[in-house]
Enquirer: 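Here you go, one structure.
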Amino acid sequence: MQAWQVHENGEPSEVMRLQDVERPTPGDGQVLLKVRAANINFPDVLMARGHYQVRPPLPFTPGVEICAETEDGRRVIATPALPYGGLAEYAVADAAALLPAPEALDDAEAAALHIGYQTGWFGLHRRARLEAGETLLVHAAAGGVGSAAVQLGKAAGATVIGVVGGADKAAVARELGCDVVVDRRSEDVVSAVKDATGGRGADVIYDPVGGETYTQSTKVVAFEGRIVVVGFASGTIPSPGLNHALVKNYSILGLHWGLYNTKNPKLVQHCHEQLTELAARGVVKPLVSERVPLDGAAAAVQRVADGVTTGRVVVVPAPENGAAA
């Protein structure tokens with residue numbers, strides 16, 4: 001089979017190589033899956049660079065989120081068991097963690113429903129307890145993680161403010177349903193959010209960026225507001241001033257979605273059922289901006305690394321309606 005492999009750490013476009021390799025052999029409790037679609041996530045970038053908290057042994061195949069077909073023909077969503085990731089024709093995954101792919105979504109959309117939407121659901125509902133009528137501020141609202149949070153926020157009845165970088169991404173954020181869009185390249189984020197909220201600020205802030213973005217969040221968080229920290233796409237991990245959180249009376253909430261798979265896997269299943277229902281109702285639908293063939297995966301991962309993509313970029317190794325080999 002063909003698979004992308006990383007033999008040394010560096011920029012994805014430089015260190016990912018498409019190679020002919022043997023199909024992986026499932027271990028105890030694992031299954032072999034034929035990959036129908038593999039969604040690219042920022043952790044794929046970080047793993048290629050060697051900067052992620054999980055460091056699979058070299059060489060490894062990136063790809064942490066797939067829609068795939070089991071040997072008995074079931075269409076499933078899975079998180080591949082590294083080092084046999086999803087940017088390949090076949091991957092392996094833990095059998096107990098397989099989730100049924102929603103019928104309302106095609107392969108690429110289903111592959112993109114998992115990590116980003118689970119992260120959004122847990123962040124907004126489990127951690128921040130977002131309520132209808134509250135204001136939700138989403139940073140990087142046109143990106144893969146942000147776009148999921150926007151849709152979930154609207155589904156929860158929140159007023160959603162999306163922060164983006166550039167006119168093209170602003171247009172995407174509006175199409176996603178943002179009530180207010182702030183272009184950080186042409187507007188002052190703090191002033192714009194205060195104006196949009198009558199000076200009150202946002203009740204919940206969803207931050208996958210970190211760095212200066214986090215600092216902006218602390219300036220626009222409302223009384224009893226909650227800042228949900230979900231990642232550091234900026235490359236800079238902020239050092240929050242806890243005295244500021246005290247005097248302004250807000251909460252800083254960390255979210256590491258992967259922990260739920262080991263600490264409380266039943267919640268992951270419950271979340272998937274909620275997301276499947278929302279997809280069936282047409283309330284959420286992953287924004288797939290690009291579908292690329294397997295040989296375009298390295299360039300696609302690099303585009304995600306460079307921050308020039310909107311929504312999700314999905315690698316489709318074979319025609320979506322192809323049967324399992």
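Numbers here simply count residues along the sequence, with the first being 1.
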Enquirer: Going hydrophobic residue to hydrophobic residue with side-chain gaps under 4.5 angstrom, can you get from Val204 over to Phe122?
Expert: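 Val204 and Phe122: one cluster.
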Enquirer: Is any side-chain heavy atom of Asp295 less than 4.5 Å from a side-chain heavy atom of Leu18?
Expert: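 The answer is yes; the side chains approach within 4.5 Å.
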Enquirer: With heavy-atom distances below 4.5 Å as the criterion, would you say the side chains of Arg303 and Val292 are in contact?
Expert: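 Touching, per the 4.5 Å side-chain cut-off.
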Enquirer: Any chance NZ of Lys194 has more than 12 other-residue heavy atoms, nucleotides or ligands included, within less than 6.0 Å?
Expert: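 Atom NZ in Lys194 is not crowded, with 12 or fewer foreign heavy atoms closer than 6.0 Å.
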Enquirer: How many angstroms lie between OH in Tyr90 and CD1 in Ile66, if you round to the nearest 0.5 Å?
Expert: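 Reported value, rounded in 0.5 Å steps: 12.0 Å.
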Enquirer: So does Lys285 get a backbone contact from the side chain of Gln151, meaning a donor-acceptor N/O pair under 3.5 Å?
Expert: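 Present.
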Enquirer: So for atom OH, which belongs to Tyr117, do other residues, nucleotides or ligands contribute more than 12 heavy atoms lying within a distance under 6.0 Å?
Expert: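 Yes.
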Enquirer: Look at the side chain of Thr236 and the backbone N and O of Phe232, then say whether any donor-acceptor pair between them is shorter than 3.5 Å.
Expert: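 No; judged by distance alone, with no hydrogens or angles, the pair does not exist.
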Enquirer: For residues Leu294 and Val315, report the shortest heavy-atom separation together with the two atoms involved.
Expert: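 Shortest heavy-atom separation between Leu294 and Val315 comes out as CA-CG1, 3.7 Å.
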Enquirer: Roughly how far, to the nearest 0.5 Å, is the CG atom of Asp168 from the CG atom of Asp183?
Expert: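 Those atoms lie 10.0 Å apart.
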Enquirer: Indicate yes or no: at least one non-hydrogen side-chain atom of His7 is less than 4.5 angstrom from one of Leu58.
Expert: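 No, their side chains stay 4.5 Å or more apart.
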Enquirer: Backbone N or O of Gly50 within a donor-acceptor pair of the Arg55 side chain at under 3.5 Å?
Expert: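 Pair found, side chain donor or acceptor close to backbone of Gly50.
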Enquirer: So if you build clusters from Ile, Leu, Val, Met, Phe, Trp, Tyr with side-chain heavy-atom gaps below 4.5 Å, do Val6 and Ile40 land together?
Expert: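 Shared cluster, yes.
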Enquirer: Given the rule that I, L, V, M, F, W and Y join up when any side-chain heavy atoms are under 4.5 Å apart, are Ile252 and Trp257 in one cluster?
Expert: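 No, separate clusters.
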Enquirer: Return the minimal non-hydrogen interatomic distance between Leu32 and Pro24, and the atom names on each side.
Expert: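 Smallest heavy-atom distance, with atoms named: CD1-O, 3.6 Å.
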Enquirer: Only one of Val181, Val189, Val180 clears side-chain contact (heavy atoms from CB on, under 4.5 Å) with Val163; which?
Expert: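 Only one option passes, and that is Val189.
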Enquirer: Please give me the minimum heavy-atom distance between Gly153 and Leu130, naming the atom from each residue.
Expert: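 Nearest heavy atoms, Gly153 then Leu130: CA-CD2, 4.1 Å.
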Enquirer: Ignoring hydrogens and geometry, is there a side-chain-to-backbone donor-acceptor pair from Arg74 to Pro100 under 3.5 Å?
Expert: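 Looks like no, no N/O pair under 3.5 Å.
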Enquirer: Check this for me: Glu22, atom CD, are more than 12 non-hydrogen atoms of other residues, nucleotides or ligands nearer than 6.0 Å?
Expert: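 Open.
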Enquirer: Do any N or O atoms from the side chain of Asp188 and from the backbone of Ser191 form a donor-acceptor pair under 3.5 angstrom?
Expert: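 At least one qualifying donor-acceptor pair exists.
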Enquirer: Taking C-beta and beyond as the side chain, do Cys271 and Gln118 meet within less than 4.5 Å on heavy atoms?
Expert: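 Heavy-atom side-chain distance check passes, below 4.5 Å.
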Enquirer: Run Leu275 and Leu152 through side-chain contact (heavy atoms from CB on, under 4.5 Å) and show every step you take.
Expert: CA-CA 9 Å; Leu275 294 175; Leu152 290 169; 3.8 Å; yes
Enquirer: If you look at every heavy atom in Ala192 and Glu187, which pair is closest and at what distance?
Expert: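 It is CB-OE1, 4.1 Å.
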Enquirer: Do Glu290 side-chain atoms and Val313 backbone N/O form a donor-acceptor pair below 3.5 Å?
Expert: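 No; judged by distance alone, with no hydrogens or angles, the pair does not exist.
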Enquirer: Do Tyr250 and His244 make the cut of ring centroids closer than 6.0 angstrom?
Expert: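 Yes, the ring centres sit under 6.0 Å apart.
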Enquirer: Counting N and O atoms only, with roles assigned by atom type, does the side chain of Asp94 sit under 3.5 Å from a partner on the main chain of Ala96, one being a donor and the other an acceptor?
Expert: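 No.
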Enquirer: Is Val31 reachable from Val268 through a run of I, L, V, M, F, W or Y residues, each pair having side-chain heavy atoms under 4.5 Å apart?
Expert: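 No, because Val268 and Val31 fall into different hydrophobic clusters, even though each may have its own neighbours under 4.5 Å.
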Enquirer: Please walk me through it: do Tyr260 and Leu255 pass side-chain contact (heavy atoms from CB on, under 4.5 Å)?
Expert: CA-CA 10 Å; Tyr260 288 95; Leu255 175 62; 3.8 Å; yes
Enquirer: Take Arg226 and Glu134 through the test side-chain contact (heavy atoms from CB on, under 4.5 Å) and record every step on the way to the result.
Expert: CA-CA 11 Å; Arg226 293 84 80 196; Glu134 289 192 312; 2.9 Å; yes
Enquirer: Can you tell me how far the NE2 atom of His256 sits from the OG1 atom of Thr119, to the nearest 0.5 Å?
Expert: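 His256 atom NE2 to Thr119 atom OG1 measures 9.0 Å (nearest 0.5 Å).
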Enquirer: Indicate yes or no: does Arg49 engage Glu11 in a salt bridge with an N to O separation below 4.0 Å.
Expert: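 Counted as a salt bridge, because a side-chain N and a carboxylate O are separated by less than 4.0 Å.
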Enquirer: Less than 4.5 Å apart, side chain to side chain, heavy atoms only: is that true for Leu33 and Leu98?
Expert: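 When only atoms from C-beta onward are counted, Leu98 and Leu33 do touch, with a gap below 4.5 Å.
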Enquirer: How far does OH of Tyr206 sit from CG of Leu124, to the nearest 0.5 angstrom?
Expert: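 If we round to the nearest 0.5 Å, Tyr206:OH and Leu124:CG are 6.0 Å apart.
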Enquirer: For the pair Asp207 (side chain) and Gly210 (backbone), establish whether a donor and an acceptor sit closer than 3.5 Å, ignoring hydrogens and angles.
Expert: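 At least one qualifying donor-acceptor pair exists.
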Enquirer: Can a donor-acceptor pair be found, under 3.5 Å and without considering hydrogens, that links the side chain of Ser234 to the backbone of Val209?
Expert: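 It does hold such a pair.
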Enquirer: Minimum heavy-atom separation for Pro80 and Gly85, please, with both atom names.
Expert: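 It is CB-CA, 3.8 Å.
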Enquirer: Which residue in the set Glu109, Glu65, His114 passes side-chain hydrogen bond (donor to acceptor under 3.5 Å, both in side chains) when paired with Asn39?
Expert: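 The passing option is Glu65.
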Enquirer: Does any part of the side chain of Gln2, heavy atoms only, come nearer than 4.5 Å to the side chain of Asp20, both counted from C-beta?
Expert: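 Asp20 vs Gln2: side chains touch.
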Enquirer: Any side-chain heavy atom of Pro83 sitting closer than 4.5 Å to one from Gln5?
Expert: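 No, too far: nothing below the 4.5 Å cut-off.
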Enquirer: Nearest 0.5 angstrom please: Leu259 CG to Leu267 CG, how far?
Expert: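 Answer for the CG-CG pair, Leu259 versus Leu267, is 12.5 Å.
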Enquirer: Which is it for Glu175 and Leu287 under the side-chain contact (heavy atoms from CB on, under 4.5 Å) test, yes or no, and what are the steps along the way?
Expert: CA-CA 10 Å; Glu175 291 174 8; Leu287 172 62; over 6 Å; no
Enquirer: Can you tell me how far the CD atom of Gln53 sits from the CE atom of Met47, to the nearest 0.5 Å?
Expert: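 Reported to 0.5 Å precision, the distance equals 9.0 Å.
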Enquirer: Do side-chain atoms of Lys154 reach the backbone of Val160 as a donor and acceptor pair under 3.5 angstrom?
Expert: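 Answer holds: no.
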Enquirer: Hey, quick one: are Leu87 and Val92 part of the same hydrophobic cluster, counting side-chain heavy atoms closer than 4.5 Å, chains of contacts allowed?
Expert: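 No, separate clusters.
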Enquirer: Give me the atom names and distance for the closest heavy-atom approach of Ala104 to Ala279.
Expert: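 So the two residues come closest at CB-O, 3.7 Å.
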Enquirer: Is there side-chain contact between Val15 and Asn9, with heavy atoms separated by less than 4.5 Å?
Expert: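 Of all side-chain heavy-atom pairs linking Asn9 with Val15, none is under 4.5 Å.
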